[in-house]
Amino acid sequence: MRFCPSPTGTPHVGLVRTALFNWAYARHTGGKFIFRIEDTDAARDSEESYEQIIDALSWLNLDWDEGINVGGPHEPYRQSQRSDIYTEVIEKLKATGRVYESFSTPEEIEARNLAAGKDPKVGYDNFDRNLTEEQKAAYRAEGRQPALRVRVPDEDITFDDLVRGEITFPAGSFPDFVVVRPNGDPLYTLVNPVDDAIMQVTHVLRGEDLLSSTPRQIALHHALIDAGFTTHIPRFGHLPYVMGEGNKKLSKRDPEANLFHHRDRGFIPEGLINYLALLGWSLSHDRDIFSIQEMVKAFDVVNVNPNPARFDQKKADAINGDHIRLLTVEDFTARMIPYLQAGNVLSNDPTDVQLEILAAAAPLVQTRMNVLSEAPELLEFLFTPASQITYAEDALKGLPENSSVVVAASVEALELIPEAEFTHDVIQEALNSALIEGLELKPRIAFGPLRTAISGRRISPPLFESMEILGKQDTIDRLVRFNER
RNA sequence: GGCCCCAUCGUAUAGCGGCCUAGUACGCUGGCCUCUCACGCCGGUAACACGGGUUCGAAUCCCGUUGGGGUCACCA
């Protein structure tokens, strides 16, 4: 198996899903996973993008056995550094006659099609297939350099797609195609099959957009076999698209196409991998939450669904939330920290007191989040001094008339609790008898004002537990301040 | 336009000739739990694109139609 992205732009979820399926299949079968970079287009490739792809795979814990940064028997693994290899391959291919020199320019090809009364879209007309040495010499005399084209066999090309079954492209459905530019630069059309051949790749899993280029690659593989570079043609499998809203392919412009957008929102790798796996595959008929290990154990490409899948943010969030709940509290706590720092709730170097508060609060919020970026909003009040609590508008609006009476009665009741016994169950008991029984209030009426006084919000983690974390003094300060506002 | 791919609830999918009056999850929704919000639990909603075959029997196999998508570069 191999994963061989072009480093253009930020990593796309479709790209990551392709990586995941390749990786999972390699792990499932015990095969090798090769990571290679296809950077033959200097104009579009960037070093930044290259690093982002590595960042993405590392974040998701998709490791590779051979390739970038880990080496292997076919180094180097960046195509921009493999020119010598391609030069040699090109020479051999020319010698076998499977590749020929073509002097036609795109303009000339179009003009010939027009002159013949054909749609210019039919493309190259195989004009230069049988040029004589004299004709070639004449072109050269004009100062022209030839591109190299593969002579495509004059017969149907059939292959058995791993996810779609048998697919046949009729003879003549595509013309001889360019593999090397006139200046000698090899193109993707050459380099991709060549490296797959040299690196002994047996299974190619890639996006559906490459389906129609597969017969060309197979033609080239045959040429490579003739030239002695390999003995077999890999098996191909074409994964369905990941679509966005409506029926459009998830475009690079859509924010949810960007892997790092999801990381920034607080997806954990477990959750994102689980969701991405569900786009075209399923573990079983009645379960869609699973670990990567379970996926590896069960994953087979032949079970991949061939139809395109829409990316559903709500479902993705729900899956992530389930995985957040699966984390141990300690793990969950640690993973929240960067998001709390990003939200300016925690300092870059949290104090022991802050960490203690966080540890106490974490279990209260673990069931209240789908993505980790919800943490700052939920926990901020615990790290804010009583004097700086601000009250949200919707929280104040929903309060009953007698709020100040309720709060005053609460202060009275809480004052009676010894500091050492200021725990959530004691607090609850005290408040229950003071407000529910004493003032004969409904719980909703009684605790609403307290929640706002403590957290400034209409929605918060459980009230009594929050009070316990804040401690007696801070709790009372907040209540008093609320009544003085 | 040529060639290729795809077609089950709104979404993701289960289904590979009888277990299907079509299952599960998300979503939406009613309820229970409950100090808010969640979590959890119980219920509801909603689909085999259409038309022909093959067969005792079709969501499942075949053909056609329609619809969607891709690709036809000296990009990848």
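Letters A, B, ... mirror the listed sequences (proteins, then strands); counts begin at 1. The analysis underlying the following values was restricted to heavy atoms, covering all of them including side chains, and did not include hydrogens, waters or symmetry mates.
At C75(B), one or more side-chain N or O atoms of R181(A) fall inside 4.0 Å of OP1 or OP2 (strictly under the cut-off). Residue S455(A) places no side-chain N or O under 4.0 Å from the OP1 or OP2 atom of U36(B). Regarding contacts with the backbone of A12(B), a side-chain N or O of R310(A) is found under 4.0 angstrom from either OP1 or OP2.
Not a single donor-acceptor contact under 3.5 angstrom links the side-chain atoms of R444(A) to the base of C35(B). Side-chain atoms of R451(A) come within donor-acceptor range of the base of C35(B), with a qualifying N/O pair under 3.5 Å. Taking 3.5 Å as the limit, the base of U13(B) and the side chain of R287(A) contain no donor-acceptor pair of atoms between them. Residue R44(A) places a side-chain atom within donor-acceptor reach of the base of C75(B), judged by atom type and a 3.5 Å distance cut-off alone.
With a 3.5 Å ceiling on both atom-pair distances, C33(B) lacks any Watson-Crick or G-U wobble partner. Remark: C48(B) base-pairs with no nucleotide; criterion is Watson-Crick or G-U wobble with both hydrogen-bond distances under 3.5 Å. Base pairing annotation: G10(B) forms a Watson-Crick or G-U wobble pair with C26(B), both donor-acceptor distances under 3.5 Å. In this structure, A59(B) forms no base pair with any nucleotide, since neither Watson-Crick nor G-U wobble geometry is met with both distances under 3.5 Å. Across the strands present, C20(B) finds no partner; the criterion is a Watson-Crick or G-U wobble pair with both atom distances under 3.5 angstrom.
Among the protein residues, D119(A) comes within range of no part of the nucleic acid, since none of its heavy atoms lies under 4.0 Å from any strand. At the heavy-atom level, P306(A) lies under 4.0 Å from the strands shown only through sugar-phosphate atoms. Backbone-only contact: Y241(A) has heavy atoms under 4.0 Å from sugar-phosphate atoms and none from a base. If you check every strand for non-hydrogen atoms under 4.0 Å, P443(A) touches sugar and phosphate atoms only. Nucleic acid contact class of P240(A) (heavy atoms, under 4.0 Å, all strands): none. Among the protein residues, L210(A) comes within range of the nucleic acid bases, having at least one heavy atom under 4.0 Å from a base atom. G448(A) comes within contact range of no nucleotide atom at all, as no heavy-atom separation falls under 4.0 Å. Residue contacts shown for A309(A) are limited to sugar-phosphate atoms, with no base heavy atom under 4.0 Å away. Across all strands shown, S104(A) has heavy atoms under 4.0 Å from base atoms, whether or not it also approaches the sugar-phosphate. At the heavy-atom level, F174(A) lies nowhere under 4.0 Å from the strands shown.
Looking at Y100(A) and D176(A), their side chains do bring a donor and an acceptor atom within 3.5 Å of each other.
The OG1 atom of T40(A) lies 8.0 Å from the OH atom of Y86(A); values are rounded to the nearest 0.5 Å. Separating the CG atom in L272(A) from the CG atom in L259(A) is a distance of 6.0 Å, to the nearest 0.5 Å.
When rounded to the nearest whole Å, the span between CG of D128(A) and C1' of C74(B) equals 13 Å. Rounded to whole Å, the distance from CD on Q313(A) to P on C26(B) is 16 Å.
One finds a salt bridge joining E208(A) and R164(A) here, because a Lys/Arg side-chain nitrogen approaches an Asp/Glu carboxylate oxygen to under 4.0 Å. Between E38(A) and R206(A), no side-chain nitrogen of the basic residue sits less than 4.0 Å from a carboxylate oxygen of the acidic one, so the salt-bridge criterion is not met.
Here the side chain of T105(A) is nearest to one of C4(B), A12(B), C74(B), namely C74(B). Which of U36(B), C4(B), G23(B) sits closest to the side chain of S460(A) comes down to U36(B).
Relative orientation of the F103(A) and Y139(A) rings is parallel, given thresholds of 30° and 60° on the angle between their planes.
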